[in-house]
Amino acid sequence: MSQNPKARLILEDGTSFEGYSFGAARSVSGEVVFNTAMTGYPESLTDPSYSGQILVITYPLVGNYGVPRHEVQDHLEKFYESDRIHIRALVISDYSFEYSHWNAVESLDAWLRDNDVPGVYGVDTRQITKIIRERGVMLGKVAVEGCGVPEEFVDPNRENLVAKVSAGGVETYGDGELRIVLVDCGCKYNIVRCLTKRGATVIRVPWDFDFTQLEYDGVMLSNGPGDPQMCGKTIENIRKAMAIGKPIFGICLGNQLLSIAAGATTYKLKYGHRSHNQPALMVGTNTAVITSQNHGYAVDTTTLDPDWEPYFVNLNDNTSEGIRHKTKPFFSVQFHPEASSGPVDTEFLFDHFIENIRNAKR
Amino acid sequence: MQNDKIQKVVLLGSGALKIGEAGEFDYSGSQALKALKEEGIYTVLINPNIATIQTSENIADKVYFLPVTPEYVEEVIAKERPQGILLAFGGQTALNCGVQLYRSGVLEKYGVQVLGTPVQAIIDTEDREKFVHKLDEIDVKTIKSEAVTTVEEAKRVANELGYPIIVRAAYTLGGLGSGFCDNDGELDALARKAFTYSPQILVEKSLKGWKEVEYEVVRDRYDNCITVCNMENFDPLGIHTGESIVVAPSQTLTNAEYHKLRQLAIRIIRHIGIVGECNVQYALDPNSEDYRVIEVNARLSRSSALASKATGYPLAFVAAKLGLGYGLHELKNSVTKSTTACFEPALDYIVCKIPRWDLGKFKGVSRELGSSMKSVGEVMAIGRNFEEAIQKGLRMIGQGMHGFVANKEFAVQDIDAALSHPTDQRIFVIAHALKKGYTIERIHELTKIDNWFLEKLRGIIGLEAELEKYDDIDRVPVELLREAKQKGFSDFQLARTVLKCSSREIDEKMLEVRKVRKAKGVTPVVKQIDTLAAEYPAMTNYLYVTYNGTAHDIDFAKDDKSVIVLGSGAYRIGSSVEFDWCSVNAGHTIRRNGYRAVMINYNPETVSTDYDECDRLYFDELTLERVLDITDLEAPHGVIVSVGGQIPNNLAMRLHNQQVPILGTSAENIDRAEDRHKFSSMLDELGVDQPRWRELTTIEDIYDFVDEVGFPVLIRPSYVLSGAAMNVVSNKEELKHFLTLATSVSKQYPVVVTEFIENAKEIEMDAVAQNGEIVAYAISEHVEFAGVHSGDATLVFPAQKMYVETMRRIKRISRQVAKGLNISGPFNMQLLAKDNDIKVIECNLRASRSFPFVSKVLKVNFIDLATRIMLGEKVEPPHKSAFELDYVGIKAPQFSFSRLQKTDPVLGVEMASTGEVGCIGDDFSEAILKAMLSVGYTIPKKNVLLSTGDMRSKVDMLSAAKALQANGYNIYATRGSAEFLEQNGVKATVLHWPDQPEEPNTLNYIKEKKIDLVVNVPKNLSKDELNNDYLIRRGAIDFNIPLLTNARLASAFINAFCKLRKEDIKIKSWNEY
């Protein structure tokens, strides 16, 4: 029988779901979002794009394979996407107290506790998902028995989340011949890995750093949390980089920032795309790809400057999945070609980026 | 875009259900036909399996009930001149047939294009050597192995690789002829046998203990790929995936592992060039990310049917569309109707597949599981945690288990051995071991099952222990009660665990649990399967019931418009695709009559569990508890219990007692037919004769009764149908032996002894009645005399050799019984006839196995009639002329003895067939020839071995032997048979019995394949010990030589092929009769 204390998820509209607490015994508030991926919780939880969010995983069985060991490879944690858990809280249906995997060192529960992040299990995650789907994304609180109830619903998008999760200083990875500036708005480690393994030296810079001062061959705009309109400084720098003309590749928030720099507007989706199964069509072709996604905002491509065109479009709801410049080597995608977690079908876009850089250098 | 040159397409079905190739192909073929129809393409189906949905009206434009063999398919192609052919929807049978047609140039000759995956790609995956080479080209690891063509080579390779090794035969169904070997001796035996199935075998290193994981992959002609589902075997490598408990999605794989294997699957499908669907099986190292590809099936498979049901993604439908040239992104997701088919389903539940075995039905078969398949069906359970799913599943398999725990005490001699040498019972051995204090580590060591699964199972044991501390259900804390329900405990399990009641009180006590539970608000919710984990709104009617949730996904109209059909559950011997046909047809009629058709069933190999066949599909248990949960919510107009076979039939009375409205014949009357005593006294009142029988409780009484009626007698435990634990005994010794067995089978039930009438004709009456008046009927006769289970008998409809007087009497008796039981709906009677003397042996107030057969031969849909009656419509009887046919239908059984090593392939009162076909001919000979060829018999080239049993059989066979001689066959015979033949003017060469040292010897002739047909008729009615006859029969099966064991059937077959030339067999479609 469950011995754990009770815990509740309280939604902004007053609905409340009672389950049990695991992870840290702490009450928090944040924005409630759901993800329909069936694997990859260690990767998702450390994805900085989830900063400020209470994550509901729709796949009911979580924790099965524990969490992996901490091994640093090329200055990065090998099995994680950043150095800590970024979600505000985790909400699931069935927590697996016992885990089993050759690479696991501890349970999800223990790891959440280490990171001071609360979890709730034993709630109807499908019902929560349906509520969010119908009424749109909303704020919520996790209240753990004995830890009080947070007074306010807090909208994390009101603060500059990117500033919170971006690197403090400039760091360099790899020693390849190509010098790529990675603008860290909340970058997943796998973007770094995808570049270094293709022969790049990656210079990771803070979100507001004027990288145009640096010597570089290409610019990588990372993923990250929150509203793209918060990143005015980054957008300014991107405009400068566009003027310089060296290849640019944006992912997720990076796509939104490049789009804004290219004249487009962004808007908040009703409940976002957070899953491993989003289909995107390369515009003008019959090539469809399955992508990993995690975003709450989207680009309105009708507002793009005429020099730009849609690159990918979502096959389910026709939202923009990427843009590209008609003549210059600038492109970006709303999904995650670096995957981790999720399908790796679009990793070829990194090859494409590297090719652009090599061509530009020629 | 679609290929507009294609206007007519032939689709090959899979023929009769057999082990390794079952109902899943009715599902995939039906889906493909739907997809083609939607495109306006004219469809021609070749499939002799008459009990399927795909061979029903309005599915294909034309149906040929003909063998799926190159010969017949070519004839159909020549006649129909299609532009395209689909090979991927009829299992290995269709694929092999297609490859042969391609190789022989038939497809090219008639300009027939193979739609979907090109034949070369199929060949690349089927030929192991080519396959390994193909994957080497893209650096994908396969299991190190070598293809060999001789036993010596096999040994050399095995010694190089090091034992243990696995032997696989190329081009065979579900691992036929495959197995593990630990040494040269074992390899020698296995390799010899494998070579009888295939000219090439593969010797490879065994990776026993690795995880087994499968992916279902789809590719379109634009090279777009998706993986629809992955699945993880609970049982690690070493047990055929068809024999394994399987969960979807995978549970113990990390993101890196999941996507590594996914990406490999996509690379493989692209490199091979599949267009449509394929399945990739992997072995995954449990201690690293190392992997091997085990095999690729370039066709729809059992796994793809399971994946379709597990995810809601209609794989076969989509594969057919892709074959026509569509891109994935050009198709819609048929669940949401708004999003694209180019996506990968996100599940928010777990499914658990459990195989259903029927090994108890076969004598001498090994119960150990290995690399070849023995199971005859499967179930799929859906839950929101593993415990819920597996406990549901263990109930669904229907072998007297109530879940993982709270089952009847289970004796295991050697737990270690039972864990490390898995049988069909292993999951219960694990329960037993856990209770005996085995640690997870120890069980893992012995089974190699991942600790995650074992921990979950241990949790169930722990919960049971917690519950056992209480003895009053009211006192169980509501949280514990809820947790038990969330972890899949049934009310039955709770009654047994908490109330500790006996079997006698259990029915009453579980209802008490139900009452208390409902009072405490512990009730389940209904959730949808929508392919996108609720991300998009879906109009889906695909549902399951769970305790892991707080809100229903759907509303319940409670408008008296819902009619619930209880489906048939897992396929097993005695209940198979025919009941699926009945269930689906009942659903169609319900919808046509303005009601909402609500289906409950849990068999992933069926069409009834296709969500577009009904208005609501509850993919859930057919237990009293679950049906009541659903009727509580749906408040249906009524429940139909008479189309799904015995499982729903058995629920009739108990549902009725809970005030659930049963449509059609009343539950009391169903009970009067089921209860032997009540039925018997009714027959007595009606003056209808029956074989003498008695229900007896002491051994003395049995002997006294047998003295009265004489041997042989039929013995069975009471209230068990479908032949379980039933036997015929011919003498005192056998009787004694059986009684020791019978009492251990079932203690609380007495034994029923019935006089057995020899050489009697057996007759089936299938009928539909309304308020006690027969509306439609079909009288069929068995080719074999009574004594062969009706499911194993060869059925002739209309009866060809019956006295008019017999016919009249049967009709009269049927009318009396229909009246006596006030039947409204389907019913079936089995009768014996000897010299116009008619006796009733069984009566079921439900649809029978032969309903689809007689409905299709007669072209009167009995289920439609019955359903309309049950809905209260006044039905007019079909016109009398409908019953006068100028053609003959034959239903013939399909056996799977070759998969069941060591079992005696002989027929008796226990059913042994796994499937059937139904063929139509202008006369008896043509029909029987088509039917026999359809179940795998071949017309012998030259040499026939006759070993014809007792004098009666010898006489029965004489004219057939003469026909063989007249047609130039060489007849070989065992001594007695040869002597008899010589005396009657038939020349026969004597072959010595297997246990005699002399040559020529029967067994050597069989091994050397010098015989083309073996007829071996057992000398008495009971299944005998291992003896000469057994060795001949088993030899025939093991060396793949057609075998007949019944003199009357053998005569019919031999006379037919002696009488008819090949050109006499007409290529006529169903609608041409």
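So that the names make sense, note that chain A is the first sequence line, chain B the second, and so on, each numbered from 1.
- With a threshold of 4.5 angstrom between heavy atoms, B/Gln263 approaches chain A through side-chain atoms but not through N, CA, C or O.
- Only the side chain of A/Ser93 comes within less than 4.5 Å of a heavy atom in chain B; its backbone stays farther off.
- Within the 4.5 angstrom heavy-atom criterion, atoms from both the backbone and the side chain of B/Asp553 approach chain A.
- There is no contact between A/Phe79 and chain B, counting heavy-atom distances below 4.5 Å.
- Proximity to chain A (any heavy atom under 4.5 Å) is restricted, for B/Leu253, to the backbone atoms N, CA, C and O.
- Not a single donor-acceptor pair under 3.5 Å links the side chain of B/Asn451 to the backbone N or O of A/Ser100.
- In this model, no donor atom of one side chain and acceptor atom of the other lie less than 3.5 Å apart for A/His273 and B/Glu535.
- With rounding to the nearest 0.5 angstrom, the OG1 atom of B/Thr336 is 7.0 Å from the CG atom of A/Asn316.
- A donor-acceptor contact shorter than 3.5 Å links the side chain of A/Arg133 to the backbone of B/Ala534.
- A donor atom on one side chain and an acceptor atom on the other are found under 3.5 Å apart for A/Thr39 and B/Asn255.
- With a 4.5 Å cut-off on non-hydrogen atoms, B/Pro345 touches chain A through its backbone but not through its side chain.
- Here the CG atom belonging to A/Leu61 is positioned 5.0 Å from the CH2 atom belonging to B/Trp452, to the nearest 0.5 angstrom.
- Interface residue A/Glu43: only side-chain heavy atoms are found under 4.5 Å from chain B.
- Between A/Lys130 and B/Asp530 there is no salt bridge, since none of the side-chain N atoms of the basic residue sits less than 4.0 Å from a carboxylate O of the acidic one.
- There is no contact between A/Tyr41 and chain B, counting heavy-atom distances below 4.5 Å.
- Heavy atoms of B/Phe386 lying under 4.5 Å from chain A belong to its backbone as well as its side chain.
- Contacts between A/Thr291 and chain B at a heavy-atom distance below 4.5 Å are absent for every atom of the residue.
- In this structure, A/Met38 CE and B/Cys229 SG are separated by 7.0 Å, a value rounded to the nearest 0.5 Å.
- Interface residue A/Leu315: backbone and side-chain heavy atoms are both found under 4.5 Å from chain B.
- For the pair B/Asn224 (side chain) and A/Ala288 (backbone), a donor-acceptor distance under 3.5 Å is present.
- For the pair B/Phe343 and A/Asn277, the tightest heavy-atom approach, listed with the atom from each and the gap, is CB-O, 3.8 Å.
- Ranked by non-hydrogen atom pairs under 4.5 Å with chain B, the options A/Thr129, A/Val344, A/Asp345 are led by A/Asp345.
- The closest side-chain donor-acceptor pair between A/Trp102 and B/Ser288, if any, does not fall under 3.5 angstrom.
- Both the backbone and the side chain of B/Leu347 have a heavy atom closer than 4.5 Å to some heavy atom of chain A.
- Counting heavy-atom pairs under 4.5 Å between each of A/Ala37, A/Ser340, A/Pro60, A/Pro42 and chain B puts A/Pro60 at the top.
- If you measure heavy-atom distances from A/Thr36 to chain B, the contacts under 4.5 Å come from both the backbone and the side chain.
- The pair B/Arg384-A/Asp94 does not meet the salt-bridge criterion, since no charged nitrogen lies less than 4.0 angstrom from a carboxylate oxygen.
- For the atom pair OG1 of B/Thr252 and CG of A/Asn64, the computed distance is 8.0 Å after rounding to the nearest 0.5 Å.
- The parts of B/Glu289 that come within reach of chain A are both its backbone and its side chain, each placing non-hydrogen atoms under 4.5 angstrom from that chain.
- Heavy-atom pairs under 4.5 Å with chain A peak, among B/Asp285, B/Ile350, B/Asn333, at B/Ile350.
- The contact between B/Lys456 and chain A is made entirely by side chain atoms (from C-beta outward), counting heavy-atom distances below 4.5 Å.
- Contacts between B/Tyr258 and chain A at a heavy-atom distance below 4.5 Å involve the side chain alone, from C-beta outward.
- Checked by atom type and distance alone, the side chain of B/Asp348 never pairs as donor or acceptor with a backbone atom of A/Arg126 at under 3.5 Å.
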